[in-house]
Amino acid sequence: MICLGIESTAHTFGAGVADSKGNILSNVKDMHCPEKGGLHPREAFEHHVEVSDAVISEAVKRAGIRLSNIGRVAFSQGPGIPPCLRVGAVIARSISKKLNIPIVGVNHCVAHLEIAKLYGKMRNPAMLYVSGGNTQVIAYDSGKYRIFGETIDIGIGNAIDKFGRFAGLLFPSGPAIEQLSKKGKTYLNLPYTVKGMDVSYGGMLTNLKQKLNSGKCNLEDICYSFQETAFAMLVEVSERALAHCGLNELILTGGVGANKRLAEMCRIMCRERGAKFYVPPTELCGDNGAMIAWNGILAEQSNDTHIKQKWRTDEVDVSWLK
Ligand code: AMP
Ligand code: MG
């Protein structure tokens, strides 16, 4: 069976094609990058409407299939920004009607995990999922992906983008902060906030802004210290999840998973514990349609096409692993 997947939860409109053997036949995306400021829901919505036709046509073309070969259409049902989610839901619904094929609503976070597991050939990993809106440490148990730790305020990617915006960098700011941090030489003290298994970035963000405003610290040192501190918190919680659950595999994914320093820190921690580590290629770490297509193959058909703005990872019935 061939599934077309549509992703539209936030800044990215993506379409991908997967088959039931786990082959990803295509993965096309177009990301909304505002020239100034952060992500505006209405502008992202307009972007998605604008590019959707071209992105979907290109995904079908690159997969080397015809529309009539598609047996199922999947879309990102949540969590996400409501106007953005609606674009994907409406388009998927119309494709499903037009081709007379089943439609499957997929949880965006679970889709990130499943595509990473597919590529990493991992069976039962702990997963560090770090993106714009989400920061979670996850492992599977008894029919659900359980969240062992998460941010209690903003996602790590959101903290990165907010600081980037304050410092006059473009959105998304992750890649620029990663480059600047390589030139940092002096470590500046920042709040390291791990509470039990949860992390918090609000206080760190305020402190970063104060440091920049003071005029006494250079941006390179601030970025370097930001990465080292924020990532150490994530590695600490991930290690505790591995130890507590008795697992020996770790996956890093989500848009912030593209950061080479974070991957390096995870790899070192895993090596020291004798655990395997995998991070997918950058185009699969960030939001993409291929992951929705693959999760659409795994998940059961449902006729519920209402968007779910706050659909949590641990609310999904992971029927395919039972
Ligand atoms: P997602 O929501 O999963 O698409 O991830 C988007 C987030 O990933 C944004 O907050 C970006 O700033 C962040 N990001 C992308 N590339 C990098 C990078 N190299 N280092 C850190 N964060 C990144
Ligand atoms: Mg995402």
Side-chain angles (χ1 to χ4, degrees), residues 5-14 16 27 29-34 37-39 41 44 47-48 75-81 84-85 88 106-116 127-136 138 150-151 154-167 169-182 184 201 204-205 208 223-224 226-231 233-235 251-266 279-292 294-295 309-313:
I6 296 172
E7 160 59 34
S8 72
T9 51
H11 43 62
T12 298
F13 187 89
N27 189 23
K29 57 171 119 172
D30 191 316
M31 187 172 176
H32 171 56
C33 299
L39 189 73
H47 164 266
H48 294 353
F75 71 103
S76 232
Q77 195 165 15
I81 302 168
C84 300
L85 288 171
V106 159
N107 179 286
H108 173 89
C109 308
V110 170
H112 268 295
L113 308 182
E114 288 297 347
I115 193 101
M127 290 164 283
L128 173 57
Y129 167 43
V130 278
S131 70
N134 299 289
T135 298
Q136 300 176 332
I138 302 161
E150 66 187 312
T151 177
I154 52 174
I156 173 72
N158 200 228
I160 287 172
D161 295 333
K162 281 199 162 106
F163 177 69
R165 187 171 157 194
F166 188 80
L169 306 172
L170 285 179
F171 174 89
S173 309
I177 289 180
E178 180 171 12
Q179 291 314 314
L180 286 163
S181 75
K182 287 184 189 161
Y201 290 111
M204 185 181 294
L205 181 59
L208 289 165
C223 291
Y224 164 68
F226 181 13
Q227 285 203 168
E228 293 301 304
T229 317
F231 296 166
M233 286 159 52
L234 297 171
V235 174
I251 278 176
L252 166 66
T253 193
V256 184
N259 189 291
K260 298 282 178 290
R261 177 61 183 146
L262 175 57
E264 182 187 27
M265 287 165 83
C266 290
V279 55
T282 299
E283 70 271 19
L284 290 173
C285 270
D287 293 351
N288 67 87
M291 68 183 193
I292 306 302
W294 173 236
N295 204 162
Q309 182 188 358
K310 295 190 190 291
W311 194 14
R312 280 175 59 86
T313 309

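Just so you know, ligand 1 is whichever comes first in the structure, and atom 1 is the first atom listed for that ligand.
In terms of protein heavy-atom proximity, atom 23 (C) of ligand 1 is closest to G174 CA, 3.5 Å. In this structure, atom 11 (C) of ligand 1 lies nearest to the protein heavy atom P172 CB, 3.6 Å. Distance from atom 13 (C) of ligand 1 to its nearest protein heavy atom, with residue and atom name: V256 CG2, 3.9 Å. Closest to atom 2 (O) of ligand 1 among all protein heavy atoms lies G132 N, 3.2 Å. Scanning the protein for heavy atoms near atom 6 (C) of ligand 1, the closest one is H11 NE2, 3.8 Å. Protein heavy atom closest to atom 20 (N) of ligand 1, with residue, atom name and distance, is N259 ND2, 3.0 Å. The nearest protein atom to atom 10 (O) of ligand 1, hydrogens excluded, is given as D161 OD2, 2.6 Å; this is a heavy-atom distance. For atom 1 (P) of ligand 1, the closest non-hydrogen atom of the protein is D287 OD1, 3.5 Å.
At a threshold of 4.5 Å between non-hydrogen side-chain atoms, the residues C109 and P79 count as touching. Contact of the T12 side chain with the D30 side chain is not registered, since no non-hydrogen atoms from C-beta on lie closer than 4.5 Å. Counting heavy atoms from C-beta on, the side chains of M291 and L284 never come closer than 4.5 Å.
Proximity of a side-chain donor or acceptor of D161 to a complementary backbone N or O of S173 within less than 3.5 Å is detected. A distance-only check finds no donor-acceptor pair linking the side chain of Q309 to the backbone of W311 [under 3.5 Å]. A donor-acceptor contact shorter than 3.5 Å links the side chain of S8 to the backbone of G88. A donor-acceptor contact shorter than 3.5 Å links the side chain of Y201 to the backbone of A230. Listed for the T282 side chain is no donor-acceptor partner under 3.5 Å among the backbone atoms of A258. Remark: side-chain polar atoms of K29 are paired, donor with acceptor, to backbone N or O of E283 under 3.5 angstrom.
Inclusion of G157 in the set of residues having an N or O under 3.5 Å from an N or O of ligand 1 is warranted. By the 3.5 Å distance cut-off applied to N or O atoms, C285 is not counted among the residues near ligand 1. Considering backbone and side-chain N/O atoms, G255 comes within less than 3.5 Å of an N/O atom of ligand 1. Note: an N/O pair closer than 3.5 Å links E178 and ligand 1 by distance alone.
Nearest to the Mg ion (ligand 2), among the N, O or S atoms that D287 has, is OD1. For H112, the N, O or S atom with the smallest separation from the Mg ion (ligand 2) is NE2.
Ligand 1 does not have Q227 within reach: every non-hydrogen atom of the residue lies 4.0 Å or more from it.
Residue S173 approaches ligand 1 through these ligand atoms, each under 4.0 Å from one of its heavy atoms: 12 (O).
Contact between I6 and I292 at its shortest, heavy atoms only, is O-CG2, 3.6 Å.
Coordination check, H108 versus the Mg ion (ligand 2): passed, since an N/O/S atom of the residue sits under 2.8 Å.
Of the N and O atoms on the side chains of N288 and H112, not one donor lies less than 3.5 Å from an acceptor on the other residue.
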